[in-house]
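Accompanying notes for the structure given below.
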Number of protein chains: 2
Amino acid sequence: MAPTSEALTAERILAATEEVLRRHGPAKATVVDVARALGVSHGSVYRHFRTKAALRDAVTKRWLDRTFESLSGIVTAEDLDPEARLRAWFAGLFAAKRRKAGDEPELFATFSVLATENGGAVGSHIADLTGQLTRIVQAGVDAGTFTVSDPATTARALFHATGRFHDPRYAREWEQPGVEGELEAVVDLLLRGLRSRD
Amino acid sequence: MAPTSEALTAERILAATEEVLRRHGPAKATVVDVARALGVSHGSVYRHFRTKAALRDAVTKRWLDRTFESLSGIVTAEDLDPEARLRAWFAGLFAAKRRKAGDEPELFATFSVLATENGGAVGSHIADLTGQLTRIVQAGVDAGTFTVSDPATTARALFHATGRFHDPRYAREWEQPGVEGELEAVVDLLLRGLRSRD
DNA sequence: GGAATGACAGATTTTGAAATCTGTCAGCTG
DNA sequence: CAGCTGACAGATTTCAAAATCTGTCATTCC
């Protein structure tokens, strides 16, 4: 890599790390590699990130933010009723996860590793997603189409019940033929449970 | 181990294999170990099981049958309405899985390995469980308390939606404090979805 | 003086040779 | 003869030495 003479910023380190991860995968991507790609000593990288774990976490956060940006738009989509929002949201989440698992396997693997380690970036990602779910459920309650006692608890239940379609541990199953239908069957059942009965 | 002079039956091999697995875990349990425990040559073991994989599969089948025997009783419990049966069934499934994961970690690990490999024993185990679910759902439809178009599809949706509470990939999470409540929240939501609306 | 370096200790990973394992089968044994 | 053995080829695993990596910090450089 050309040792660019620009200042060494956190952002440049993150970009280089992502590149190294993409090329080598999470198991074989070292801080030394990142430094080499930037044309600096590895000590310099440690000036910006206290540990290798912190660096991985930051890269994953950046990647997650980029990848699931569009989802939050659905939460406030005025042209959709809460039920349609929920359907679109789950469909969008699943589509994005599956696409990334296929298109960027190495970065997805990094995310998976962090997920099993309860990394900070993954923790906030999940908190972010359940927060979005809570807001949709709340909107449904406000509109009178949903009846639930505690939107936040319900949101977590929805998230848990759909784990098979967003938890990276199931990534392999996402390629099998009938999955789309499986997601729909689960979401149908859950939406029936949310609906008001009077 | 005392080289018992009884005939070498499949059953004796299975018992010895289970013992070896319990002692060494799935990674370090070899066919040679099993043969040594029985006081025979490993060639004799291959007379009864074509491959090591077949042996592992048979041991796991035996273990699964023993472990989840009691569940099937709930399916036909006349004293419970279908909704109560479903609750009891899920609670029982979760309790059994969690107990086994804690009490017999090595055998549970063997089961987990087979699960990720889509082993035959695990496949029938899952088919068996969804079959039981289907029968409970069907009973609910017959009784008029549930309304669903296709009990088998619904049963699979129920099974997928509760994966977090029976899929061995989540075993680690089963020890955390709030899990019981999480299962209840999901089951509540699903049952609301099953109930008839008129 | 603030940023970068590179040498260093201890931890982790790689590597390749030796040991063990899987699955087969010709022959032994009772 | 039915059931068991043990030697064998090729695959896999183990193990210990060598290489590399992580994280620190005194020193160098601009």
Side-chain angles (χ1 to χ4, degrees), chain A residues 1-60 106 109-110 113-114 116-117 119-121, chain B residues 1-60 106 109-110 113-114 116-117 119-121:
Chain A
M1 284 291 119
T4 321
S5 52
E6 276 174 57
L8 184 62
T9 62
E11 174 57 27
R12 277 190 63 219
I13 294 176
L14 288 177
T17 306
E18 189 171 314
E19 182 57 24
V20 169
L21 276 171
R22 210 183 289 277
R23 213 180 288 289
H24 298 95
K28 222 228 106 176
T30 73
V31 175
V32 171
D33 284 334
V34 172
R36 199 172 8 245
L38 286 162
V40 300
S41 79
H42 75 279
S44 302
V45 173
Y46 278 99
R47 173 164 301 282
H48 292 84
F49 297 93
R50 228 170 353 340
T51 65
K52 181 186 183 179
L55 177 56
R56 263 199 323 195
D57 208 60
V59 173
T60 303
E106 288 84 6
T110 306
V113 171
L114 244 66
T116 67
E117 287 170 359
Chain B
M1 283 294 119
T4 319
S5 51
E6 277 174 56
L8 184 61
T9 62
E11 175 56 27
R12 276 190 64 219
I13 294 177
L14 288 178
T17 306
E18 189 171 314
E19 182 55 25
V20 169
L21 277 171
R22 211 183 287 279
R23 213 180 288 289
H24 298 94
K28 223 230 106 177
T30 73
V31 175
V32 172
D33 284 333
V34 172
R36 198 174 6 247
L38 287 161
V40 301
S41 79
H42 73 279
S44 302
V45 173
Y46 278 99
R47 172 165 304 282
H48 292 85
F49 296 94
R50 247 204 301 355
T51 65
K52 181 186 182 177
L55 177 56
R56 262 197 323 194
D57 209 60
V59 173
T60 303
E106 288 84 6
T110 306
V113 170
L114 245 67
T116 68
E117 287 171 359

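Basis for what follows: all heavy atoms, side chains included, without hydrogens, waters or symmetry-related copies.
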Q: Quick one: do B/Thr30 and B/Asp33 satisfy side-chain hydrogen bond (donor to acceptor under 3.5 Å, both in side chains)? Show the steps, please.
A: CA-CA 5 Å; B/Thr30 73; B/Asp33 284 333; 3.2 Å; yes
Q) Is there a donor-acceptor pair under 3.5 Å between the side chain of A/His48 and the backbone N or O of A/Leu8? A) yes
Q | Side-chain donor or acceptor of A/Thr17 paired with backbone N/O of A/Ile13 under 3.5 Å | A | yes
Q. Phosphate oxygens OP1/OP2 of C/dT5: is one of them under 4.0 Å from a side-chain N or O of A/Ser41?
A. yes
To the nearest Å, give me how far apart [atom1] ([X]) and [atom2] ([N]) are.
| X | N | atom1 | atom2 | value |
| --- | --- | --- | --- | --- |
| A/His48 | D/dG23 | NE2 | P | 17 Å |
| A/His24 | C/dT14 | NE2 | P | 12 Å |
| A/Ile13 | C/dA4 | CD1 | P | 8 Å |
| A/Arg56 | D/dC21 | CZ | P | 16 Å |
| B/Asp33 | D/dT13 | CG | C1' | 13 Å |
| B/Tyr46 | D/dA7 | OH | P | 17 Å |
| A/Lys52 | C/dT12 | NZ | P | 12 Å |
| B/Phe49 | D/dG3 | CZ | C1' | 16 Å |

Which nucleotide sits closest to the side chain of [X]: [options]?
| X | options | result |
| --- | --- | --- |
| B/His42 | D/dA7, D/dT5, C/dC21 | D/dA7 |
| A/Lys28 | C/dT14, D/dT5, D/dT22 | C/dT14 |
| A/Val32 | C/dA7, D/dC21, C/dG23 | D/dC21 |
| B/Val40 | D/dC4, D/dC21, D/dT5 | D/dT5 |

Q: Nearest-nucleotide wise, let me know which of A/Thr30 and A/Arg47 is further upstream toward the 5' end of DNA chain D.
A: A/Thr30
**Q.** Salt bridge flag under 4.0 Å for residues A/Glu117 and A/Arg56
**A.** yes
(Q) Is there a side chain to side chain contact (heavy atoms under 4.5 Å, CB included) between A/Phe49 and A/Val34? Walk through the geometry before answering. (A) CA-CA 12 Å; A/Phe49 297 93; A/Val34 172; over 6 Å; no
